[in-house]
Amino acid sequence: MISVMVVDDHPIWRDGVARDLAENGFDVRATAPDGDAAVRIAATVRPDVVLMDLNLGSTSGVQATREITTALPDTRVLVLSASGEHSDVLEAVKAGASGYLVKSASARELVDAVHRTAQGDPVFTAGLAGLVLGEYRRMAEAPAGGAPPPQLTERETDVLRLVAKGLTSRQIAERLVLSHRTVENHVQSTLRKLQLHNRVELARYAIEHGLDRD
């Protein structure tokens, strides 16, 4: 069972999301009304996924995301915000968020997003994934000409290239004729070797090394 924590400063919305997730089989371990509480409670309950609002008062959702993902590398943060502003999306991802969903998403989209986030997939409201990858391309200063990182196996590099192109694990498995589990094993191994936390960081690494251009 996937464990979650819901962080939002509006109690009706927070309780409603927690209830919907519980009804769909998630283990809702805690809720939090602000960023400070989110950081403190997350360290205690260690959820698989934190649903994080951005506007939380003195400690913003971006700061709380940064502190949680730094302290708890196995916990993934999915931002659930009313804002679809590009600057908010990019700041959240740079802070360590694995995905970004706007609050206009349907209940089904939310449930699917939490499942995919727990599995390690980057999840974004339509149109935002391209924004994030595009920004990483602009940030890349000196790509290594497509040479695969020497510490990765050939198959890990193949998987990394496809992660950088925005493919999910299932799409990568179909493309490389591998099982979904094998792809996940390669992704996790690559994350460990590169000392990264999630697929968004993995995609950024690949883009910065020119691996998305092959």
Side-chain angles (χ1 to χ4, degrees), residues 1-85 87-125 128 132 184 187-188 191-192 195-202 204:
M1 182 181 293
I2 298 170
S3 59
V4 299
M5 181 173 78
V6 181
V7 184
D8 199 289
D9 61 343
H10 294 288
I12 294 177
W13 176 269
R14 182 176 68 242
D15 294 345
V17 170
R19 182 177 60 254
D20 287 346
L21 292 176
E23 291 174 352
N24 279 278
F26 294 97
D27 173 17
V28 181
R29 292 192 175 173
T31 63
D34 56 57
D36 290 332
V39 173
R40 184 176 65 254
I41 295 171
T44 300
V45 303
R46 293 179 174 269
D48 297 317
V49 178
V50 174
L51 274 78
M52 180 73 70
D53 190 18
L54 293 184
N55 298 318
L56 296 173
S58 58
T59 298
S60 70
V62 169
Q63 180 61 28
T65 294
R66 183 177 293 109
E67 293 186 28
I68 289 172
T69 55
T70 298
L72 305 171
D74 293 332
T75 294
R76 297 183 172 97
V77 174
L78 172 63
V79 171
L80 183 60
S81 174
S83 171
E85 292 294 325
S87 58
D88 289 336
V89 178
L90 294 175
E91 284 301 309
V93 172
K94 290 174 184 176
S98 296
Y100 195 107
L101 207 63
V102 295
K103 287 184 175 180
S104 58
S106 68
R108 175 175 291 186
E109 288 172 328
L110 176 59
V111 168
D112 178 66
V114 176
H115 274 294
R116 290 178 56 199
T117 299
Q119 293 168 359
D121 289 336
V123 181
F124 293 90
T125 292
L128 297 183
V132 173
E184 279 299 308
V187 169
Q188 293 304 316
L191 286 170
R192 286 193 297 272
Q195 298 183 330
L196 302 175
H197 297 136
N198 55 52
R199 290 193 186 213
V200 176
E201 292 182 5
L202 204 59
R204 177 178 179 177

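Sequence neighbours left out, the pairs with a member in residues 37-54 that pass side-chain hydrogen bond (donor to acceptor under 3.5 Å, both in side chains) are S3-D48.
Taking CG of L80 as the reference point, atom OG of S104 lies at 9.5 Å (rounded to 0.5 Å). Here the CE-OG1 distance, from M52 to T65, works out to 4.0 Å after rounding to the nearest 0.5 Å. Within the model, atoms CZ of R19 and CG of N24 stand 11.5 Å from one another, a figure rounded to the nearest 0.5 Å.
Heavy atoms only, all atoms of each residue included: I2 and A118 are closest at CD1-CB, 3.6 Å. In terms of heavy atoms, Y100 sits closest to D88 at OH-CB, 3.6 Å. L72 approaches A42 most closely through the heavy-atom pair CD1-O, 3.4 Å. Of all heavy-atom pairs spanning A38 and M5, the tightest one is O-CE, 3.4 Å. When all heavy atoms are compared, the tightest approach of V79 to A92 is CG2-CB, 3.8 Å. The two residues S98 and T117 make their nearest non-hydrogen contact at CB-CG2, 4.2 Å.
Side chains of R76 and V123 form no contact here, defined as non-hydrogen atoms less than 4.5 Å apart. For the pair V17 and D8, the minimum side-chain heavy-atom distance is 4.5 Å or more. The side-chain heavy atoms of T59 and D34, taken from C-beta on, include no pair separated by under 4.5 Å.
Partner V114 forms a side chain to side chain contact (heavy atoms under 4.5 Å, CB included) with one of L110, D112, V111 and no other, that one being L110. If you run side chain to side chain contact (heavy atoms under 4.5 Å, CB included) between V62 and each of E91, K94, E67, only E91 comes through.
T69 places no side-chain N or O within 3.5 Å of a backbone atom of A97 that could act as its donor or acceptor partner. A distance-only check finds a donor-acceptor pair linking the side chain of T75 to the backbone of P47 [under 3.5 Å].
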| Q188/R192 under side chain to side chain contact (heavy atoms under 4.5 Å, CB included): CA gap, chis, key distance, verdict | CA-CA 6 Å; Q188 293 304 316; R192 286 193 297 272; 3.8 Å; yes

| Worked verdict on V49 versus F26 for side chain to side chain contact (heavy atoms under 4.5 Å, CB included) | CA-CA 10 Å; V49 178; F26 294 97; over 6 Å; no

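Side-chain polar atoms of R66 and Q63 form a donor-acceptor pair below 3.5 angstrom.
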